[in-house]
Amino acid sequence: MPTMLFPPSPVAPTLPLTSQPLPYSSLQGRAGFSGFPSPAQDYEPRTLDLNTRLIKNPTQTFYLSATGDSMEGWGIFDGDLLVVDRSIKPRLGHILVAMFEDEVLIKRYALYLGTPHLCSAHPHYPPLPLEGTDCQLWGVVRAVIHEYLR
C-alpha cells in the first residue's frame, strides 16, 4: 500500500515547560460590593453543578467515552468523558461524534483540499472525506472531562 502524505496538523507545536511566576502576586479576588455583607452569606451552599454548567439542552445531550489516540492533539484522550449535544448545528472546527461507514468516530469537522472531511489530530489517521460516504452525525462535542486520577 503506498504511503500517503498529508499536510502537518494545524495543532501548535509543543514547547518545553518552563517555570514562570504567575502574573498576579495573589490569587485573592475582590468583588465590587458596597455596603455591609450579610452574615448569612457564609452559610449559603456553594456547589458546582456540572449538569447546569455543561448541558445546555438536556433532552438532546448524551455522554460518550472516548477510545483511541486519534484526537490527543486536540485534548481528547483515551477514556475521557465527552458531553455530546445533538441540538448544535455542526460548523467547521467543531468536534463531532459520527457514525462513519458503520464505525463511531470522534473527529474534527474541517475542510481538507477544499472539501468537507472528518479529521483527526494524529498523523497516522488520514482525513476522511464526507462526500460519497455513509456518515450520520450523532452530535457535537460540547465538553471533555479528563480525569487525572482514575
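Numbers for residues simply follow the sequence, beginning at 1. Please read all numbers here as calculations on a predicted model, not as lab measurements. When reading the values below, keep in mind they use all heavy atoms of this one structure, side chains included, and skip hydrogens, waters and symmetry mates.
In the hydrophobic clustering of ILVMFWY residues, with side-chain heavy atoms under 4.5 Å counting as a link, Met71 and Phe62 come out together. Following chains of ILVMFWY side-chain contacts shorter than 4.5 Å, one can reach Ile76 starting from Leu64, so the two form part of one hydrophobic cluster.
Rounding to the nearest 0.5 angstrom, the gap separating the OH atom in Tyr109 from the SG atom in Cys119 is 11.0 Å. His117 contributes atom NE2, which lies 12.0 Å from atom SG of Cys135 (distance to the nearest 0.5 angstrom). With rounding to the nearest 0.5 Å, the separation of CG in Leu54 from CD1 in Ile145 is 5.5 Å. For the atom pair Leu128 CG and Leu118 CG, the distance stands at 6.0 Å (nearest 0.5 Å). Summarising the geometry, atom CG belonging to Leu50 is positioned 9.0 Å from atom CD1 belonging to Ile55; distances are rounded to the nearest 0.5 Å. From Leu82, atom CG reaches atom OG of Ser65 across 7.5 Å, with rounding to the nearest 0.5 Å.
Closest heavy-atom contact between Leu111 and Pro116: CD2-N, 3.7 Å. Looking at every heavy atom in both residues, Leu137 comes nearest to Pro90 through CD2-CG, 3.5 Å. Contact between Tyr63 and Asn51 at its shortest, heavy atoms only, is OH-OD1, 3.1 Å.
Two residues are said to be in side-chain contact when any heavy atoms from C-beta on lie closer than 4.5 Å; Thr59 and Asn57 meet this criterion.
Between the side chain of His146 and the main chain of Val144, no donor-acceptor pair closer than 3.5 Å is present. Within the 3.5 Å criterion, the main-chain N or O of Leu48 finds no donor-acceptor partner in the side chain of Arg53.
By the salt bridge (Lys or Arg N to Asp or Glu O under 4.0 Å) test, Arg142 pairs with Asp85, sequence neighbours left out. Judged as a side-chain hydrogen bond (donor to acceptor under 3.5 Å, both in side chains), and not counting sequence neighbours, Asp78 has no contacts.
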Distance-only criterion, 3.5 Å: show the donor-acceptor pairs between side-chain atoms of residues 91-107 and protein atoms not counting sequence neighbours.
unit_1 : atom_1 : unit_2 : atom_2 : d
His94  : ND1    : Arg91  : N      : 3.1
Glu101 : OE2    : Asp134 : N      : 3.0
Lys107 : NZ     : Ser70  : OG     : 3.1

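Between His122 and His124, the angle of the ring planes lies from 30° to 60°, which puts this pair in the tilted group.
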